[in-house]
Amino acid sequence: MYFSKLYAPTLRETPAEAEVVSHQLLVRAGFIRKSSSGVYTYLPMAQRVLQKISRIVREEMDKAGGQEVALPIIQSADLWLESGRWHVYGKELFRLKDRHDRDFCLGPTHEEIITDLIRTDVSSYRQLPLLLYQIQNKYRDERRPRFGLMRGREFIMKDLYSFDKDEAGLEISYWKMHEAYTKIFTRCGLDFRPVEADSGAIGGSTTHEFMVMAESGEADIVYCPECNYAANVEIAPCKPDDNEQGTPLTLEMIETPQVTTAEMVAGFFDLPLKKIIKTMFYQVGEEIVAAIVRGDRSINEIKLQRLSAADIIELASPEKVKEITGAESGYVGPVGLVEKGIKVFADEEIKTMVNAVCGANKAQYHFRNVRPERDFQVTAYVDLRLIEPGESCPQCPSTLKSARGIEVGQVFKLGTKYSKALNAKYVDENGAENFIVMGCYGIGVSRTMAAAVEQNNDNEGIIWPVAIAPYHAVVIPVAVNDPVLKQAAEELYHELEQCGIETVIDDRNERAGVKFKDADLIGYPVRLTVGKKMLEEGLIEVKLRKDKVISFIKRNDIIEFIKDVLENS
RNA sequence: CGGGGCAUAGCGCAGCUUGGUAGCGCACCUGGUUUGGGACCAGGGGGUCGCAGGUUCGAAUCCUGUUGCCCCGACCA
């Protein structure tokens, strides 16, 4: 490709609205432009990257037995009413009406559509397992689109749905996909981890999220450096720490003016934070429940939520807290709550606390020498806290580290949720009807592109992994008005192209500095400069984007050299 | 959805407080000089100042409304 013809308008300045580095660089390097909030146009460079990612995804899906389909983006409300999600999906569903005033939506995901498809055409166990996938635009009217491609309202996603006759079959499909995902992200050249995660509103038991490791990621994860354990902090199980024991003393109420936070309480009583009991109230549907953890811990709301059937839990309003306890938050505690009919969920660590301190449910007072069970009742002891780095790995004796990740894929076991809702059954070997057992497996293709940039960049620009780079190499003739140099660059360019090395030749009548800057910004893995050394000694200057080293290779050896570099990257 | 901010040329911004008919840098076009890390000189094109009302002799500037966009939070495959 001749750069002079390439539609890749680069920008010297960073657009003001771009916050994260992937957004800034993709805009600056001429890959994307914003159309409206959370909606982007992909320019030729981005399109090439997306197609490379898609191609890798397709190859691995096909290898795993998947078959590609194309599903409607405009979906009738009827199916969504049938599955019940028309009302529960909420405002994130892009809804529209046709000229007859009938309801439709733009597909945010395709469980309804695909289940509808197979329920009419799949009727026998002989047709199972079946793996169908699609790579298409998805639509979600995000409350707050942000971070460029990372959280858009229109985005490209691969979804594969598996249909099995039973749980055992689903188990096989699930791990097949897990393996395929591992291959996909490995081939894309990304540093990633599959992590155990919360299955959220979609339901189902097991789920893994595939996280590209990057500081800018939205997900907090913990992982073990020794074994393969990794989990989203939302679900990472915690082992209770041993509490300091001692002779139980008598409960006392102490006046504690203006002492409200756990840190202040600890300071006031001259005790470590771990001797404090922290009490939080949550609104769970119509009910208010209390959750208690040690002062040095945080409550994991996901774990709390899993204890109830409610979809949403949120911190109770200060008014509610006062109404129930008679005190302001800061002076609340678990004593007497169960007697008032309030459920109290205590973290497992609470159980063995001795001579602890908690709010007295009376303004300006705390209790000290509190002991669970002697001084207050709990509804249940459960794992309720947020894990912290440095805690021990659940699988091995090592300690966990923390990291942040960008979720680029997830694998879910759906079970029979949708087949039951939409009545998708098959007849088994014994002639009995059963619901089809489903799984769904998504990869954010456009998000993967952004994640790749997020993980691979420096001050100068993007550093594309070879497998998904828009082009492999750029040839820079240092002066295009020197006919000999220009000719040499042209020949090199054509030879590279003929060898299947995707190349851009920067034939613009620009100073070399401009071309170098753009090459770094765009992030071609290999840069070939044709300059004085070519004319004088027959040497081509080679620089790899990912490192600083410049080497000179004989013109005759250059093709083999580049091939070698690309294959080993 | 709560809180905050912004909207002036393709991009980044100034002008607004104190109304007088729009400017800077980059980009773009023409000519010339340059040519290994975002060159220089000269000339040029491009904006109903987000939109709609209002105040005023006169509004980018003041007032009201409205739309879009961004950030923080809540929420989320």
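Protein chains get the first letters and strands the later ones, always in sequence-line order, with residue 1 at the start of each. Only this structure's heavy atoms are used, side chains among them; waters, hydrogens and symmetry mates stay out.
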Backbone N/O of A:Ser22 and side chain of A:Glu454: donor-acceptor pair under 3.5 Å =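 Confirmed, A:Glu454 side chain pairs with A:Ser22 backbone.
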Is a donor on one side and an acceptor on the other found under 3.5 Å between the side chain of A:Asp159 and the backbone of A:Gln134?
->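 Not confirmed, A:Asp159 side chain does not pair with A:Gln134 backbone.
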Would you please say whether a donor-acceptor pair under 3.5 Å links the side chains of A:Arg85 and A:Tyr418?
-> yes
Would you please say whether a donor-acceptor pair under 3.5 Å links the side chains of A:Trp175 and A:Glu179?
->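 Side chains of A:Trp175 and A:Glu179: no pair found under 3.5 Å.
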Expressed as a whole number of angstroms, how long is the span from [X]:[atom1] to [N]:[atom2]?
X: A:Asp518; N: B:G37; atom1: CG; atom2: C1'; result: 11 Å
X: A:Ile540; N: B:G36; atom1: CD1; atom2: P; result: 17 Å
X: A:Ile135; N: B:A77; atom1: CD1; atom2: C1'; result: 16 Å

Residue [X], side-chain atoms from C-beta onward, closest of [options]:
X: A:Ser37; options: B:G37, B:G25, B:C70; result: B:C70
X: A:Asn481; options: B:G37, B:U35, B:A77; result: B:U35
X: A:Glu92; options: B:A74, B:U35, B:C76; result: B:C76

Taking atom [atom1] in both [N] and [M], what distance in whole Å separates the two?
N: B:U61; M: B:U8; atom1: P; answer: 13 Å
N: B:G3; M: B:G47; atom1: P; answer: 39 Å
N: B:G32; M: B:C13; atom1: P; answer: 36 Å
N: B:A7; M: B:C16; atom1: P; answer: 13 Å
N: B:G10; M: B:U48; atom1: P; answer: 9 Å
N: B:A59; M: B:G12; atom1: P; answer: 29 Å
N: B:C49; M: B:G68; atom1: C1'; answer: 16 Å
N: B:A60; M: B:A14; atom1: C1'; answer: 12 Å

Going by the ring pair (Phe, Tyr, Trp, His ring centres under 6.0 Å) test, which pairs reach into residues 7-42 of chain A, not counting sequence neighbours?
->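 Every ring pair (Phe, Tyr, Trp, His ring centres under 6.0 Å) pair that includes a residue of residues 7-42 of chain A, provided the two are not neighbours, is A:His23-A:Tyr40, A:Phe31-A:Trp464.
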Is there a donor on the side chain of A:Arg146 or the base of B:C70 sitting less than 3.5 Å from an acceptor on the other?
-> no
Along RNA chain B (nearest heavy atom to each residue), the more 5'-positioned of A:Arg12 and A:Glu17 =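 Its nucleotide being nearer the 5' end, the pick is A:Arg12.
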Identify, between A:Val20 and A:Thr14, the residue whose nearest nucleotide on RNA chain B lies closer to the 5' end.
->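 Its nearest nucleotide being more 5', the pick is A:Thr14.
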Pick base, sugar-phosphate or nothing for A:Arg28, based on heavy-atom distances below 4.0 Å to the nucleic acid.
->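 Result for A:Arg28 = base.
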